[in-house]
Novice: 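Quick one: the structure is below, questions incoming.
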Amino acid sequence: MKTTLIGAAVAAVLAVPAFAQGADVPDNLEKLGNFQTTGTTDFTYVPQEDAFADGIRKTLERITLPEGFRIGLYAVVPDARHMAVGPQGIVTFVGTRKDKVWAVTDRNKDRVADEVKDFAPSLKFAIPNGPCFSKDGFLYIAEQNRVLLFPAAEFFYESPDVAAFNLVKQGELIPPEEESYNHTARVCKIGPDGKIYISLGQPFNVAPPEKLDLYREVGIGGIIRMNTDGTGREVYTYGIRNSVGHDFDPETGDLWFTDNQVDGMGDDIPPGELNHQTEMGQHFGAPWYGGGDVRTNEYSGQDVPYDVVMPAVEMAAHAADLGMTFYSGSMFPEEYRGAIFSAQHGSWNRTTPVGARVMVTHVAEDGTATSEPFAEGWIDGNGEYLGRPVDVAQLRDGSILVSDDLAGAIYRIWYEGM
């Protein structure tokens with residue numbers, strides 16, 4: 001079975017167009033694309049049972065959840081950001097805002113990771129925040145200015161050398177002159193149409209007028225989509241400040257996404273956003289709106305040249321809503337099925353911290369949505385962060401994983417009954 005799957009994946013890789021593989025590539029990508037060894041032999045392994053892990057478990061004792069739910073440490077993962085659970089259930093890939101992608105494996109299936117090591121250590125990653133899987137087992141990693149493709153990653157990850165190809169070559173996701181240290185954590189998801197959707201946060205607090213035409217053209221401050229062979233790129237969503245989380249409603253196929261609001265306008269405005277997109281080309285207000293219906297100071301009084309879709313849910317100001325997923329499992333009670341679980345990373349631009357929790361959003365049949373805290377307690381009585389949730393993903397058993405880039409950990413939340 002394993003040989004057959006790998007063979008099929010290799011055959012699919014060989015069908016990737018030459019332009020997608022590219023010749024002008026950094027580090028060892030060209031060798032890996034030609035199925036050549038690089039000479040890399042060493043992995044970086046992360047200890048899972050030590051005093052550091054015990055400290056994280058101690059913090060989790062203070063986390064509150066609805067009755068019947070439990071939370072535990074799944075893995076110690078430095079700088080853990082967005083997650084992609086492999087379709088085979090073998091390994092979970094975890095991105096970072098640095099230069100590592102981690103492979104997290106629960107070998108004995110006790111729902112606690114046994115091994116955490118770096119993925120594809122022969123490659124040089126640049127802010128590989130956003131991994132995502134296709135249903136047929138292809139792993140995509142959205143970096144700051146590149147998108148990589150790894151066929152059969154669940155099987156090749158045991159070796160330092162893995163089959164790897166460009167989906168979008170370095171410097172072609174956004175114009176190189178628009179690269180920034182700010183708002184460059186990309187996320188990706190495969191849509192119900194089989195295309196890959198990638199968020200492109202714009203780098204400013206409020207984008208200046210002279211940038212708007214370029215950004216609209218290339219999709220900065222929006223979400224783009226393309227075929228999974230790299231062709232057919234188009235802008236799907238406009239008017240986003242910095243979205244770092246999106247998913248598709250499994251019932252309707254509609255796109256939902258979080259967006260972070262403008263800073264520097266006060267503690268309690270503007271609100272964070274959870275948005276609902278029903279068709280291609282809709283505009284969600286930035287930079288004329290800073291969050292919800294709050295106008296930005298920079299564009300105050302100006303006519304808004306687009307019909308703007310307002311948020312489905314207004315979240316707490318400056319809570320930094322990031323990763324999200326629709327729940328499709330059967331472990332949780334009926335009321336949570338089809339709900340959205342999302343992570344609030346927590347505020348920096350606020351005198352009193354808010355966020356640092358997991359939210360649950362229930363979507364009614366008419367599309368209206370309401371949100372409430374689901375897991376919280378990562379801010380202590382001194383206003384100090386004990387953790388900062390980033391993303392939510394679902395395991396095959398119906399439990400969910402929550403990543404935390406401050407603690408450097410992934411938590412598992414499961415349901416045991418009343």
Side-chain angles (χ1 to χ4, degrees), residues 79 81-82 95-99 125-132 141-147 168 170-189 197-224 235-246 257-265 270-275 283-291 294 296-299 311 315 317-324 342-350 355 388-391 403 405-406:
D79 312 302
R81 293 281 295 183
H82 283 70
T96 70
R97 292 180 64 184
K98 296 183 178 178
D99 60 359
F125 291 105
I127 314 181
N129 182 83
C132 61
I141 296 178
E143 295 185 279
Q144 179 186 37
N145 202 1
R146 176 175 69 169
V147 183
V168 179
Q170 177 65 39
E172 295 186 3
L173 188 59
I174 62 172
E177 60 271 18
E178 298 300 324
E179 290 182 10
S180 171
Y181 58 83
N182 198 34
H183 298 167
T184 55
R186 318 294 184 203
V187 295
C188 66
K189 284 283 175 69
Y197 288 70
I198 303 167
S199 63
L200 300 178
Q202 59 78 42
F204 297 91
N205 186 33
V206 178
E210 64 270 18
K211 293 286 188 179
L212 298 187
D213 287 344
L214 171 65
Y215 286 4
R216 181 174 177 84
E217 178 184 355
V218 301
I220 296 175
I223 296 174
I224 63 170
V235 182
Y236 189 77
T237 313
Y238 298 94
I240 300 175
R241 181 176 175 271
N242 181 40
S243 176
V244 198
H246 61 262
F257 61 91
T258 60
D259 196 12
N260 291 179
Q261 70 289 309
V262 169
D263 295 314
M265 299 186 73
E273 296 184 352
L274 177 61
N275 292 288
H283 198 287
F284 290 84
W288 292 271
Y289 292 91
V294 178
T296 56
N297 296 328
E298 292 81 352
Y299 291 82
M315 297 290 195
H318 309 296
D321 298 273
L322 299 184
M324 56 163 286
S342 59
Q344 289 188 338
H345 194 228
S347 54
W348 69 267
N349 182 233
R350 201 174 190 280
R388 301 190 72 181
V390 175
D391 191 25
S403 60
D405 63 352
L406 175 62

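In this chain, residues are counted from 1 in sequence order. Values reported hereafter were calculated over all heavy atoms of this structure, with side chains retained and with hydrogens, waters and symmetry mates removed.
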Novice: Just wondering, do Val187 and His246 contact through their side chains at under 4.5 Å, heavy atoms?
Specialist: yes
Novice: Report the residues that fulfil ring-ring contact (aromatic ring centres under 6.0 Å, His included) with Tyr236, sequence neighbours left out, ordered by chain and then residue number.
Specialist: Tyr197
Novice: Looking at every non-hydrogen atom in both residues, tell me the closest pair between Pro128 and Ile141 and how far apart they are.
Specialist: CB-CG2, 3.8 Å
Novice: Below 4.5 Å, heavy atoms only, C-beta onward: do Val218 and Pro175 meet side chain to side chain?
Specialist: yes
Novice: Compare every heavy atom of Gly201 with every heavy atom of Asn242, then report the nearest pair and how far apart it is.
Specialist: OD1-CA, 3.6 Å
Novice: Are side-chain heavy atoms of Glu178 and Leu214 found at a separation under 4.5 Å?
Specialist: yes
Novice: Within a strict 4.5 Å, meaning less than it, do heavy atoms of the Trp348 and Asp263 side chains meet?
Specialist: yes
Novice: How would you list, by chain and number, every residue that makes a side chain to side chain contact (heavy atoms under 4.5 Å, CB included) with Gln344, sequence neighbours excluded?
Specialist: Met315, Ala319, Asp321, Arg357, Met359
Novice: Return the set of residues passing salt bridge (Lys or Arg N to Asp or Glu O under 4.0 Å) with Arg388 (not counting sequence neighbours), or none when no residue passes.
Specialist: none
Novice: Kindly write out the residues that satisfy side chain to side chain contact (heavy atoms under 4.5 Å, CB included) with Lys98, not counting sequence neighbours, or none if the list is empty.
Specialist: Asp79, Thr96
Novice: Can you list every pair that meets side chain to side chain donor-acceptor pair (under 3.5 Å) and has a residue in residues 179-189, with sequence neighbours left out?
Specialist: Asn145-Glu179
Novice: Shortest non-hydrogen contact from Met265 to Val262?
Specialist: SD-CG1, 3.9 Å
Novice: Mind checking what makes side chain to side chain contact (heavy atoms under 4.5 Å, CB included) contact with Ala343, not counting sequence neighbours?
Specialist: Pro389, Val392
Novice: Identify, with sequence neighbours excluded, every residue that meets side-chain hydrogen bond (donor to acceptor under 3.5 Å, both in side chains) alongside Ser243.
Specialist: none
Novice: Quick one: list whatever passes ring-ring contact (aromatic ring centres under 6.0 Å, His included) with Phe284, sequence neighbours left out.
Specialist: Phe257
Novice: For the side chain of Thr258 and the backbone of Leu322, is there at least one donor-acceptor N/O pair under 3.5 Å apart?
Specialist: yes
Novice: Measure across Gly291 and Pro270 and return the closest heavy-atom pair with its distance rounded to 0.1 Å.
Specialist: O-CB, 3.5 Å
Novice: As an exercise, state the distance from CG of Asp259 to CD1 of Ile240, rounded to the nearest 0.5 Å.
Specialist: 6.0 Å
Novice: Roughly how far, to the nearest 0.5 Å, is the CG atom of Asn260 from the NE2 atom of His345?
Specialist: 10.0 Å
Novice: Has the side chain of Glu273 got a donor or acceptor atom that lies under 3.5 Å from a matching backbone atom of Asn275?
Specialist: no
Novice: Mind checking what makes side-chain hydrogen bond (donor to acceptor under 3.5 Å, both in side chains) contact with Arg350, not counting sequence neighbours?
Specialist: Asp268
Novice: With a 4.5 Å limit on heavy-atom distance, are the side chains of Val244 and Ser199 in contact?
Specialist: no
Novice: Mind checking ring-ring contact (aromatic ring centres under 6.0 Å, His included) for Tyr299 and listing every partner two or more places apart, or none if nothing turns up?
Specialist: Trp288
Novice: Between Arg216 and Val235, what is the shortest heavy-atom contact and its length?
Specialist: O-CG2, 3.8 Å
Novice: Is any side-chain heavy atom of Arg241 less than 4.5 Å from a side-chain heavy atom of Asn205?
Specialist: yes
Novice: Got a sec, which residues hit side-chain hydrogen bond (donor to acceptor under 3.5 Å, both in side chains) with Asn129, two or more places apart in sequence or on another chain?
Specialist: Arg81, His82
Novice: Under the side-chain hydrogen bond (donor to acceptor under 3.5 Å, both in side chains) rule, collect the residues that match up with Glu143, sequence neighbours excluded.
Specialist: Arg146
Novice: Under 3.5 Å, side chain of Thr296 to main-chain N/O of Gly290, donor-acceptor pair present?
Specialist: no
Novice: Decide yes or no for Cys132 and Ile198: does some side-chain heavy atom of the first lie under 4.5 Å from some side-chain heavy atom of the second?
Specialist: no
Novice: Please find the pair of heavy atoms, one from Gly219 and one from Ile224, that lie closest to each other, and give the distance.
Specialist: CA-CG2, 3.9 Å
